[in-house]
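These notes concern the structure reproduced below.
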Amino acid sequence: MSPRFQFYAVCWCVTGMLASNAQQCGRPTIVENRIVGGEDATQGAWPWQVDIQKGTSGHVCGGSIISESWVLSAAHCFPNPYDVSSYIIYAGRQWLHGYNLYESLHFVSRVVIPPGYSDPESGSDVVLVQLSSPVYWSDYIRPICLPASGTLFPAGLPCYVTGWGNMRNGVPLQGVGTLQQVMVPIISQSSCQEMYLTDPTKQVDILYDMICAGYQEGGKDSCQGDSGGPLVCQMANETWVQAGVVSFGEGCAASNHPGVYGRLTSFSSFFRDTAPEVRLYGRAHREGGGRAAVSVSCLAALLVLLHR
Ligand code: 4AZ
């Protein structure tokens with residue numbers, strides 16, 4: 001082999017390896033034991049969580065980072081989707097009212113709501129928010145995986161919801177406002193519908209693009225201000241995948257009224273059409289692994305050639 005060819009071949013292999021190193025989703029570098037119940041999160045444990053603020057109102061909603069320029073949240077957090085200038089998104093944030101060494105601030109360039117959205121109880125309560133500047137990946141800023149349409153989140157699966165929302169109905173987070181986490185198991189659509197039917201004063205239909213999580217007896221739940229934030233579940237290979245977006249509920253943590261979340265597997269084509277660069281977990285994983293494998297075999301083959 002000519003030296004020039006060797007140089008090009010090595011460059012090609014290295015480029016392949018770097019490309020396969022695109023930020024892996026759903027893998028925090030900071031991992032802490034998590035226990036059942038609402039509690040302070042460890043800094044960096046949920047590196048995809050963002051704080052969405054609006055000009056004069058301060059904190060309005062949560063959201064999640066799904067790529068370097070896209071954030072996922074709830075449609076009802078953006079009542080004026082064309083007025084992008086009033087929103088500020090903070091990544092890498094741990095304290096709502098404290099100093100956050102690792103945070104970055106981003107403006108919004110575009111807000112995309114699925115066609116047909118009207119209000120949370122009618123479904124389609126998800127939104128894709130494009131940032132005007134990309135996030136920089138760090139231990140405190142990492143993307144969550146979005147599920148491919150066939151991903152199953154069975155009843156009983158322990159998942160976590162995170163946010164800076166109220167501690168109870170009408171009671172805001174106190175002090176420095178540390179990010180909160182709570183474990184909530186998935187509830188099947190039929191059980192969730194049954195629970196809501198026990199309330200004669202309020203009829204709620206649990207639609208197919210909704211997923212419920214929480215407890216029949218109540219006590220642990222998301223609440224006002226958590227809206228738009230992620231409901232995430234750890235899959236068999238330890239990767240975290242987002243199952244839902246905090247959408248609504250009747251009050252917070254009341255019995256027979258579990259939290260209702262936008263079901264992300266129902267929005268695969270919306271995600272693909274709006275942000276094609278975001279790979280859905282399932283496909284994305286195999287592709288990434290495949291490319292890394294090709295790069296490694298590429299380098300191995302080169303070494304053999306060069307040593308002959
Ligand atoms: C809200 O109003 C809200 N218990 C969010 C979540 C829940 C209820 C209300 C779920 O933003």
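Remember, it's 1-based here, ligands and their atoms both numbered in the order they're listed. Heads up: numbering here begins at 1 and tracks the sequence.
- Looking only at protein heavy atoms, the nearest one to atom 5 (C) of ligand 1 is C223 O, 3.5 Å.
- The closest side-chain donor-acceptor pair between S67 and E277, if any, does not fall under 3.5 angstrom.
- Set against the non-hydrogen atoms of G251, the atoms of ligand 1 under 4.0 Å away are 4 (N), 8 (C).
- When each atom of ligand 1 is checked for a heavy atom of S227 under 4.0 Å away, the hits are 1 (C), 5 (C), 11 (O).
- Ring orientation note: the planes of F78 and Y87 are tilted relative to one another, at an angle of 30° to 60°.
- Considering backbone and side-chain atoms alike, D221 places an N or O below 3.5 Å from some N or O of ligand 1.
- Proximity to F248 (heavy-atom distance under 4.0 Å) selects the following atoms of ligand 1: 7 (C), 8 (C), 10 (C).
- Around atom CE of M167, no more than 12 heavy atoms belonging to other residues, nucleotides or ligands sit under 6.0 Å away.
- Looking only at distances, a side-chain donor or acceptor of D209 sits under 3.5 Å from a matching main-chain atom of S124.
- With D40 as the fixed residue, the side-chain hydrogen bond (donor to acceptor under 3.5 Å, both in side chains) test singles out one of Q181, Q180, Q94: Q180.
- Counting heavy atoms of neighbouring residues, nucleotides and ligands inside a 6.0 Å radius, atom CD of E238 does not exceed 12 of them.
- For V260, no heavy-atom contact with ligand 1 is shorter than 4.0 Å.
- From the protein, the heavy atom lying nearest to atom 10 (C) of ligand 1 is S222 O, 3.3 Å.
- For atom 6 (C) of ligand 1, the closest heavy atom belonging to the protein is V246 CG1, 3.7 Å.
- Between W137 and P47, the closest side-chain pair of non-hydrogen atoms is not below 4.5 Å.
- Scanning the protein for heavy atoms near atom 2 (O) of ligand 1, the closest one is Q224 CG, 3.2 Å.
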